[in-house]
Amino acid sequence: MSTATSNAQKKGGFLAGTANYLDERVGVAGILKEFGRKIFPDHWSFMLGEVALYSFLVLLLSGTFLTFWFQPSMVPVIYDGAYGPLKGAEMSIAYSSTLDISFEVRGGLLMRQVHHWSALLFVAAAGLHMLRVFFTGAFRKPREINWVVGFALFVLGMAGGFTGYSLPDDLLSGNGLRIIDGMIKGIPVIGAYTSSLLFGGEFPGESIVGRLYSLHIMLIPALILVFVAIHLFMVVIHKHTHYSGPGKRDDNVVGYPLMPVYVAKAGGFFFIVFGVIMAVAATFTINPVWSYGGYDPSPVSAGTQPDWYIGWLDGALRLAPTHLEFVIGGYTLSMNILLPMVVGIAFLVVVALYPFIEGWVTGDKREHHVLDRPRNAPTRTAIGVAGVVFYAVLWAGASTDLIATHFKMSLNHVLTTMQISLIVLPIVSYIITKRACLSLQRKDREIVLHGRESGRVVRLPHGEYIEVHEPMNEYEIYKLVDFKAYQPTLARPNAKGVITVRARIRARLSRFFFEDRVEPVTQAELEAAHDHKELH
Amino acid sequence: MNKRKINNARRSPFAAILVIAAGLLVAGGGYAGATAAVAHSTSGSYTQEQVDLGKKLFLSNCASCHGKNAEGTNYGPSLIGVGAASVDFQVGTGRMPGQASGPQLMKKPVQFKQDQIDALAAYVSSLAPGPSVPDEKYLATNGNTTRGGELFRINCAMCHNAVGAGGALTEGKFAPNLKGVEAKHIYEAMVTGPQNMPVFNDANLTPTDKKDIISYLKYIEANPSAGGEELGGLGPVAEGLFLWLFVLGGIVGITIWLGAKSN
Ligand code: HEM
């Protein structure tokens with residue numbers, strides 16, 4: 001591999017330091033060194049998609065195991081199983097079969113925990129993978145469609161998780177379904193009908209678990225498989241992107257051949273992911289449905305929360321201002337339900353369409369295979385950070401009650417603070433990120449032109465003190481100058497000689513994106529700087 | 001694993017009527033029950049010495065807030081008629097003597113020995129009858145845990161969480177975690193309803209119901225989860241944080257470590 005030398009110099013951040021620290025004390029790395037050389041990738045962030053893929057495989061295997069015993073029926077029975085505090089209680093067959101899986105089927109509880117932990121991991125790894133793709137600009141032409149496919153996978157993961165979470169028919173998941181029922185009923189005109197269609201009558205009815213089960217084990221996994229296939233197929237067609245470096249251009253791919261190195265790497269990595277999931281599932285409880293009791297519409301527990309990937313929607317509901325109800329012609333319009341739904345859907349739509357929005361603004365029709373360093377796309381990076389912060393506040397919004405009790409604050413204050421943060425923090429983080437990117441870019445320019453500050457101060461013969469700057473080698477310089485700074489485009493008249501509204505909006509957006517920018521160092525500047533140094 | 005199908009009464013239209021009826025019973029029973037509870041309380045089971053000692057302790061530790069004759073002041077409510085159960089709970093859990101701070105009076109290390117607490121209880125219950133300290137037979141943990149769990153989820157989970165892990169109320173008030181609370185204090189909390197907790201008198205939860213609830217709480221306290229480490233019983237939020245920080249974080253850490261080693 002041609003970049004081996006340059007990589008070696010760049011390693012050595014905090015994480016690598018920690019790794020070394022551990023190695024010096026544990027000493028396993030010696031054995032793994034030979035092994036590791038072949039198995040692990042150039043950059044860890046390229047492995048996130050694979051973590052998601054492997055968690056999905058674990059989901060399929062453990063889920064299949066669960067289907068052998070799980071019975072998706074809401075017919076009530078009297079429980080007579082092994083768990084003492086529920087003996088003699090009336091509950092649905094779905095719940096009692098989940099208890100049987102937990103307490104009577106050999107390995108059943110482990111499999112339930114494997115299934116649930118890998119579900120959480122699947123969506124988390126996919127989410128982090130998405131962020132990597134976003135912040136490095138890997139979604140640019142020709143990969144826009146694959147971004148949308150990946151986005152669909154993320155949403156399907158949420159759907160798979162939610163439908164699965166509701167299957168055991170316990171108190172916690174039933175409360176979650178009750179919220180969904182309320183949201184559906186809040187939709188004007190069609191709400192009540194939709195709810196009664198979905199639940200087969202009045203909530204909770206007797207059909208919902210069976211219906212969710214069909215979705216959960218057939219439709220959603222099938223769709224995920226199809227989309228995963230499309231996703232990987234497109235990766236093969238497009239080839240992998242790479243971080244910038246010498247020899248890495250938009251018209252080539254630098255890396256290992258697929259066979260046999262990559263296959264071996266992937267196989268090894270699967271077992272690491274699998275091993276971590278098994279270890280966690282064997283030692284940490286997840287969703288102890290037996291402590292929640294069977295679903296019954298009357299009790300509601302404090303601290304009722306969904307799995308993490310639904311948290312941001314729950315948070316949106318909690319943070320919505322109250323008293324936003326209008327009565328129009330005898331019908332109540334509950335804006336405190338509609339507003340979070342609209343905000344949530346709008347957020348998802350913007351995420352799904354972002355590659356097309358940015359492509360339209362830049363007007364860039366070239367293919368990109370070299371990744372951006374996040375600082376070299378300041379506006380995109382700032383938008384991304386603002387988006388992450390917005391999502392994070394909504395997410396934290398789902399645990400206002402726990403934040404209040406654990407940090408000894410008033411629930412009301414926590415809510416108000418979060419409502420304000422939801423608007424203010426994304427804006428603030430946008431500004432800070434953009435400024436930070438621009439100054440990092442300026443620093444890069446400095447380094448390329450004048451070398452890295454070495455911290456060594458010397459006194460020249462004529463008495464002047466200077467700090468010695470170490471010049472960079474070509475590899476490093478290449479990485480720092482290999483990017484393009486777009487110019488804002490102006491609104492130009494079209495063939496008929498009129499400036500359309502579309503053109504105006506585009507020019508406005510273009511200015512928003514590219515007004516503040518730092519140009520990469522040009523060859524001429526570099527040479528000038530070198531000549532200057534020779535004079536010393 | 002043998003199960004008997006039973007009829008479908010839970011979700012029939014009668015269920016709604018039953019629920020309403022039960023609701024009315026609870027609400028209406030509340031008033032009647034309050035008087036019933038007072039009636040069956042005993043105030044004669046303490047000795048005169050205890051009452052005298054209690055009065056002394058009261059004057060030096062409690063009267064500043066509750067008044068010389070426990071009639072109440074601006075700093076503390078009247079204790080006439082609150083009963084021995086209330087004193088035993090408040091002083092026995094370290095809530096009293098109170099210390100004004102924040103939105104809710106907090107538990108502190110207990111400041112009196114049990115015989116002093118009994119004396120205080122004797123004094124307060126000598127002023128007027130009120131709920132008494134529960135009989136030992138309701139504190140044994142051999143009650144029906146299934147019923148107890150059900151009653152707990154219906155009556156207590158909305159504040160204390162389904163597994164008793166506690167929960168937030170408005171304005172900084174909260175329902176505490178119930179792990180490690182003595183059986184006697186659980187019973188007394190139910191009969192006296194401290195601060196923002198409602199009173200569950202004998203009409204809406206019979207002494208046997210209370211015993212079942214206590215048995216259930218003690219069962220889940222003594223039997224940790226079959227699935228392993230419990231992450232504080234805080235449910236999906238704790239699970240999600242753990243997943244991001246340790247599981248995904250761990251996998252990324254391993255990748256970075258091995259990546260760094262391979263170079
Ligand atoms: C799309 C990816 C999937 C996700 C995100 C997912 C997620 C979940 C979750 C969160 C639960 C609740 C588990 C609990 O704590 O009890 C669950 C239950 C279940 N899942 Fe999945 N699952 C997925 C795929 C599958 C597949 C492919 C199958 C079967 C082939 C399956 C079968 C089951 C069964 C039978 C249950 C109920 C059993 C129980 O709760 O113990 N799942 N799933």
Side-chain angles (χ1 to χ4, degrees), chain A residues 7-8 11 15-16 19 29 32-33 36-37 40-41 44 47 51 75-78 80-81 84-89 96 100 104 109 113 120-121 124-125 171 272-273 276 280 283-286 288 291-293 298-303 305-308 311 399 401-402 404-405 409-412, chain B residues 1-6 8 10-11 19 103 145-146 148-150 153-154 157-163 165-172 174-175 216 219-220 225-231 234-237 239-240 242-244 247-248 250-263:
Chain A
N7 275 350
K11 291 274 146 56
L15 285 165
L32 282 166
K33 202 163 190 168
R37 186 181 317 244
F40 289 90
W44 63 270
M47 303 302 281
V51 177
V75 173
V77 291
I78 299 289
D80 187 25
L86 286 171
K87 235 187 194 45
S96 85
D100 291 343
E104 270 143 90
L109 180 55
Q113 301 203 143
L120 299 197
L121 182 62
L171 188 58
I272 288 185
V273 173
V276 169
V280 169
T283 43
F284 291 93
T285 303
I286 188 165
S291 354
Y292 303 139
S298 46
V300 175
S301 161
Q305 265 104 0
D307 272 350
W308 80 262
S399 44
D401 50 341
L402 293 174
T405 45
M409 289 189 276
S410 150
L411 182 59
N412 311 51
Chain B
M1 274 202 259
N2 50 343
K3 280 167 213 99
R4 182 165 56 88
K5 282 199 184 177
I6 63 155
N8 225 351
R10 173 156 71 124
R11 279 159 189 154
V19 168
T145 49
T146 302
E150 217 162 282
R153 286 187 285 276
I154 292 172
M158 70 282 243
C159 297
H160 287 285
N161 164 300
V163 295
L169 306 179
T170 53
E171 308 288 357
F174 66 96
Y216 172 72
Y219 179 95
I220 57 175
S225 161
E229 223 26 67
E230 273 172 287
L231 304 174
L234 295 178
V237 172
E239 291 159 7
F242 182 83
L243 182 278
W244 272 93
V247 185
L248 190 53
I251 290 177
V252 167
I254 294 176
T255 337
I256 294 177
W257 179 50
L258 291 170
K261 281 292 124 195
S262 72
N263 279 305

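Note on naming: letters A, B, ... go to the chains in the order of the sequence lines (proteins, then strands), and numbering restarts at 1 for each one. Side-chain atoms are counted along with the backbone in the values below, which use heavy atoms only and exclude waters and symmetry mates.
Only the side chain of A:Ala404 comes within less than 4.5 Å of a heavy atom of chain B; its backbone N, CA, C and O stay farther away. For a residue to count as touching a neighbouring chain, one of its non-hydrogen atoms must lie under 4.5 Å from one of that chain's; by this rule B:Leu231 touches chain A with the side chain only. Only the backbone of A:Val300 comes within contact range of chain B, with at least one heavy atom under 4.5 Å from a heavy atom of that chain. Looking at A:Thr283, the atoms closer than 4.5 Å to chain B (heavy atoms on both sides) all sit in the backbone: N, CA, C or O. Looking at B:Leu248, the atoms closer than 4.5 Å to chain A (heavy atoms on both sides) sit in the backbone and in the side chain alike. For B:Glu150, the part lying under 4.5 angstrom from a heavy atom of chain A is the side chain only.
Taking the side-chain contact (heavy atoms from CB on, under 4.5 Å) definition, one finds that A:Leu109 meets it with A:Ser102, A:Arg112, A:Gln113, A:Trp290, B:Ala226, sequence neighbours left out. Partners of B:Phe242 under the ring-ring contact (aromatic ring centres under 6.0 Å, His included) rule, at least two apart in sequence or in another chain, are A:Trp117, A:Phe284, B:Phe246.
Most heavy-atom pairs under 4.5 Å with chain A, from the set B:Gly167, B:Gly240, B:Ala162: that is B:Ala162. Counting heavy-atom pairs closer than 4.5 Å to chain A, the top-ranked of the candidates B:Thr146, B:Thr145, B:Ile220 is B:Thr146. In terms of heavy-atom pairs under 4.5 Å with chain A, the best-connected choice from B:Gly235, B:Ser225, B:Gly149 is B:Ser225. For chain A, the option among B:His160, B:Arg153, B:Met158 with the highest count of heavy-atom pairs below 4.5 Å is B:Arg153. Between chain A and the options B:Gly228, B:Gly227, B:Pro236, heavy-atom pairs under 4.5 Å are most frequent for B:Gly227.
Residues A:Ala124 and B:Leu243 come closest through the heavy atom pair CB-CD1, 3.5 Å. The shortest heavy-atom contact between B:Ala175 and B:Cys159 is CB-O, 3.3 Å.
By the 4.5 Å heavy-atom criterion applied to side chains, A:Gln305 and A:Leu402 are counted as neighbours.
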Practice item. Under the side-chain contact (heavy atoms from CB on, under 4.5 Å) rule, what do A:Leu121 and B:Ile251 come out as? Steps first, then yes or no, please. Key: CA-CA 10 Å; A:Leu121 182 62; B:Ile251 290 177; 3.8 Å; yes
Review point. Would B:Ile254 and A:Val276 count as a side-chain contact (heavy atoms from CB on, under 4.5 Å) if you check the C-alpha gap in whole Å, the side-chain angles of each, and the deciding distance to 0.1 Å?
Key: CA-CA 10 Å; B:Ile254 294 176; A:Val276 169; 4.1 Å; yes
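For A:Trp308 (side chain) and A:Leu120 (main-chain N/O), a donor-acceptor pair under 3.5 Å exists by modelled atom type.
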